[in-house]
Number of protein chains: 2
Amino acid sequence: MGNAPGSLESLRRTNRLRVLQTVQSRGAASRADIVRLTGLSRTTVSSLVAELVSESLLVERPDQQPPPASPNGGRPATLLTLDPGAGGFLGMHFGHDGLRVAVADLSCTVLDEEQRTMDVEEHVGDAFGHACEMAARLLGRLDLAVSRVVGLGVAVSAPVRHDSGAIASPSPLKGWDDVNVAEELDRRLGLPVYVGNDANLGAVAEWMFGAGRGVDDFVYVMLSDGIGSGIMLNGRLHLGATGTAGELGHVVVSPYGFVCRCGNRGCLETVAGGRALTAALSQVTGPNTTLDDVLRLARAGDPGARRAVQDAGRAVGRALSGLCTMLNPRLIIVGGRTGAAGEPLLDGIRASLAREVSPPVNGSVGIVPGSLGERAEVLGAIALAHRMTPAAALTGRAGGSAAGTGTAGGRVI
Amino acid sequence: MGNAPGSLESLRRTNRLRVLQTVQSRGAASRADIVRLTGLSRTTVSSLVAELVSESLLVERPDQQPPPASPNGGRPATLLTLDPGAGGFLGMHFGHDGLRVAVADLSCTVLDEEQRTMDVEEHVGDAFGHACEMAARLLGRLDLAVSRVVGLGVAVSAPVRHDSGAIASPSPLKGWDDVNVAEELDRRLGLPVYVGNDANLGAVAEWMFGAGRGVDDFVYVMLSDGIGSGIMLNGRLHLGATGTAGELGHVVVSPYGFVCRCGNRGCLETVAGGRALTAALSQVTGPNTTLDDVLRLARAGDPGARRAVQDAGRAVGRALSGLCTMLNPRLIIVGGRTGAAGEPLLDGIRASLAREVSPPVNGSVGIVPGSLGERAEVLGAIALAHRMTPAAALTGRAGGSAAGTGTAGGRVI
DNA sequence: GGAACTTACGCCGAAGAACGGAGAAAGTAG
DNA sequence: CTACTTTCTCCGTTCTTCGGCGTAAGTTCC
């Protein structure tokens, strides 16, 4: 068979893929654009495009906007785009207090999304049911058959085991211990499913769509009730030996502090997690204060709330300082609900880093807020499906994504 | 030109390289072996091998050992090896108290090496001069012309700037601030020079030849007078945004401890560096104790020395704990002179990690001593030259590695 | 409105690369 | 000496990319 890398057929497959990726990354491109971007010859591109069009992976868009209308005349290019009917990606996010579903086309442009608040922890089965309903509704609105969806990405607010794809136990999502999300959703939808941790996928999302575009080494910090992070190195997500890298919430910052649910003492989460923030303010605001209350107060300028947020930032900075010294990242992106608190938080982080990281390294790392807000995780789930899919499903098209796909579809990023 | 990836010529170049790498990794291989290992067809391999032999990159070794002598007869294979005369790599290491030079053939087998103790810091120029002399002597013994050396790797016990390749300033090597090692050695030898930090190259060496073989995510910790580390992630060395990643010695472990030369306070180096170890024992052993004295005592079983070493290990473990939680590496390799202290040191590290890293993550990381000892850095330098070279020098052979090579040869790994 | 120009695109034959079949080479087993 | 096995090379076929040339479809200038 000609599957071996190094064969002629594999060369053509590679070039097909490069054409597809070029179109995908630009949204729309003419054959001439593709020539310029790939370095392939006009005639090769022409032939590859013809093939792809005949397989209805690409479509011509004669109507489309005039591409800047070439400087001094010439025949206008006919733009090509991915065939919207050729398929799409689904993304889901299961968080502590709700779920979110989104649909994107093959070029990862989000077409529609839905959000729903519910108690995800109590009723695992219901959560899956609702997510599937929402997905079906979205696909219906877009007139896209389920069988055309080439992949489903799922973000879960819990560590995902590298080997099995199951949720680690004990999990921060109560009731989700050892649940195999990939198998479950594959069974219900018959799609290849890819599961990832929410902080990791937030990092991927910021890298593809947000504040991390064009940056290949950064750390995405997700501050909400829990604290997690995603580490992007050399343009790849770093998962670690067992797939649980990035557990920023369990970096020790206070060796004789509170005992943490992980069994250690003084983890960052006990100092800067949601519970710590509300506890810090509880003498002022009462025992039933929620994290969102604290954040609302801080945004409104309440000095106590701002102080609490800033102190949390300081602790986060201490937890990050060793990592910055060791990894020397270009950027730290701060997201999550607490992350939206903005300047007081970022100032706290910057202050700690300035104290504990050597000046040249500290000077080379930027601290910025994430730009995707609460949507980061779903978008990351879609990006995950996108990154796991292309080679197999867009080029080979061997069998059917229709029947079964086996259970083995599930893999972490 | 046919340089573009995706062209036919590039395909052939790729396949040539695969053939070369196959021979290289096995030391010797027949054409039939190459067929089995690469998946290319017999006839393609035959043609590629003929080409490579005619360029005297490969040689036939009809004499060579009988390859297990095929199970039931058949024409015996003629083995191929890299042509020993085709070239080689040079490696150099400039440490605080001496330098080391080694020569390897194209398959990275070390053929010969020399070591010399001297004050590298005082006389920078002399250090270069001696290194070049040693290199010339080694090449002479092996009857290898300088013009056949395809690359020179250099390990320096100081941070190397990512952009310029110059030594960072202030540098732990006195007198080396802003020295551009690559330019200097290129000028003297007319070779492509690649410069790297010693801890980083130690990591590369352990990965290629030592305790890190087959492991793609590990941290190499180098404990000597100074403390550094090299971080191998996904089979690539992680350098960071400005090329100074891995500065383990400047991770803060004691916020109100001694001020460090980097300007911060309580860096690991102030607690576990050579000076800290000797100071800890100075009341017992006198003011002129050296690091090697302490290590000798510890090896001999002196309780005080062992205690000091173990405490240093504890501090190292604290500095590493956050990194382990965040990166979840598979392995930590401990090298350097203090690293040779063995169990008391490793026990200290393990104790701290057990305290500060969550059990599942802690359980998945191994702590082992390096297996290359004082040779790690030179070997890493050779590995660096090897990794930076192949595609250009072994396949293209366009111009001359003879004249000039310009100054642009110098690049970090 | 028409000529000149520019750019985009497709067809054709050429050059190059890998592959499969047939056959020669070089051993072992009986 | 014969049968057998494995290695390796030569030849013709197939596949892919590439450059040249011709055509299509606009803009600019007069």
Side-chain angles (χ1 to χ4, degrees), chain A residues 1-19 23 28-54 58 60-80 395, chain B residues 1-19 23 28-54 58 60-80 395:
Chain A
M1 63 189 71
N3 267 351
S7 71
L8 276 181
E9 293 155 51
S10 112
L11 179 59
R12 189 160 179 92
R13 262 213 311 282
T14 307
N15 287 339
R16 278 176 58 120
L17 208 68
R18 286 177 42 186
V19 169
V23 174
S30 68
R31 293 170 178 78
D33 290 333
I34 299 173
V35 167
R36 279 184 289 265
L37 291 164
T38 60
L40 296 171
S41 81
R42 333 177 266 299
T43 157
T44 304
V45 169
S46 212
S47 135
L48 290 172
V49 165
E51 201 177 292
L52 291 167
V53 167
S54 85
L58 291 181
E60 292 197 347
R61 285 290 173 82
D63 49 325
Q64 203 87 346
Q65 294 331 315
S70 33
N72 38 359
R75 170 177 173 178
T78 53
L79 286 182
L80 299 159
T395 304
Chain B
M1 66 189 70
N3 268 350
S7 70
L8 278 180
E9 293 155 50
S10 109
L11 180 59
R12 189 161 180 92
R13 264 212 309 282
T14 307
N15 286 340
R16 279 175 57 119
L17 209 67
R18 287 177 42 184
V19 169
V23 175
S30 69
R31 293 170 179 79
D33 290 334
I34 299 172
V35 167
R36 280 184 288 267
L37 289 165
T38 61
L40 296 171
S41 81
R42 351 177 253 301
T43 157
T44 303
V45 169
S46 211
S47 136
L48 289 171
V49 165
E51 202 176 292
L52 291 167
V53 166
S54 84
L58 290 181
E60 293 197 346
R61 286 290 171 83
D63 49 325
Q64 203 86 346
Q65 294 333 315
S70 33
N72 38 359
R75 170 176 173 177
T78 53
L79 286 183
L80 299 158
T395 306

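Just so we're on the same page: letters track the sequence lines, and every chain starts at 1.
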Open item on the list: For Leu80(A) and Glu60(A): C-alpha separation, side-chain torsions, deciding distance, then whether side chain to side chain contact (heavy atoms under 4.5 Å, CB included) applies.
Closed with: CA-CA 5 Å; Leu80(A) 299 159; Glu60(A) 292 197 347; 3.7 Å; yes
Open item on the list: Among residues at least two apart in sequence or on other chains, which ones pass side-chain hydrogen bond (donor to acceptor under 3.5 Å, both in side chains) with Thr43(B)?
Closed with: none
Open item on the list: If the condition is side-chain hydrogen bond (donor to acceptor under 3.5 Å, both in side chains), which residues does Thr44(B) pass it with, not counting sequence neighbours?
Closed with: Ser41(B)
Open item on the list: If the test is side-chain contact (heavy atoms from CB on, under 4.5 Å), which one of Val35(B), Val45(B), Ile34(B) qualifies with Leu40(B)?
Closed with: Val45(B)
Open item on the list: Would you say Ser41(A) places a side-chain N or O within less than 4.0 Å of OP1 or OP2 belonging to dC18(D)?
Closed with: yes
- [ ] Provide, to the nearest angstrom, the distance between the CG atom belonging to Asp33(A) and the C1' atom belonging to dC9(C).
- [x] 13 Å
TODO: Answer yes or no: side-chain N or O of Arg31(A) and base N or O of dG10(C) forming a donor-acceptor pair under 3.5 Å.
DONE: no
Task: Interatomic distance, Glu60(B) CD vs dT7(D) P [rounded to whole Å] - done: 15 Å
TODO: Can you sort out the partners of Thr14(A) under side-chain hydrogen bond (donor to acceptor under 3.5 Å, both in side chains), two or more places apart, ordered by chain and number?
DONE: none
Task: Interatomic distance, Arg42(B) CZ vs dG21(C) C1' [rounded to whole Å] - done: 8 Å
Could you write out each protein N or O paired with an N or O of nucleotides 13-16 of chain C at a distance under 3.5 Å?
none

TODO: Remember a base hit wins even if backbone is also touched, and classify Arg36(B) as base, sugar-phosphate or nothing at under 4.0 Å, heavy atoms.
DONE: sugar-phosphate
Task: First encountered from the 5' end of DNA chain C, between Ser47(A) and Asn15(B) - done: Ser47(A)
Task: Length of the CG-P vector between Leu11(A) and dA18(C), whole Å - done: 10 Å
Open item on the list: I'd like to check the side-chain hydrogen bond (donor to acceptor under 3.5 Å, both in side chains) partners of Arg36(A); sequence neighbours left out, ordered by chain and number.
Closed with: Asp33(A)
Task: Inter- and intrachain pairs under salt bridge (charged side-chain N to carboxylate O under 4.0 Å, His left out), touching residues 39-51 of chain B, at least two apart - done: Arg12(B)-Glu51(B), Arg16(B)-Glu51(B)
TODO: Measure from the side-chain heavy atoms of Leu40(B) and tell me the nearest of dT9(D), dC8(D), dC19(C).
DONE: dC19(C)
TODO: Determine whether any donor atom in the side chain of Arg75(B) lies under 3.5 Å from an acceptor atom in the base of dT7(D), or the reverse, and answer yes or no.
DONE: yes
Open item on the list: Output the rounded distance in Å from CG (Leu48(A)) to P (dG10(C)).
Closed with: 12 Å
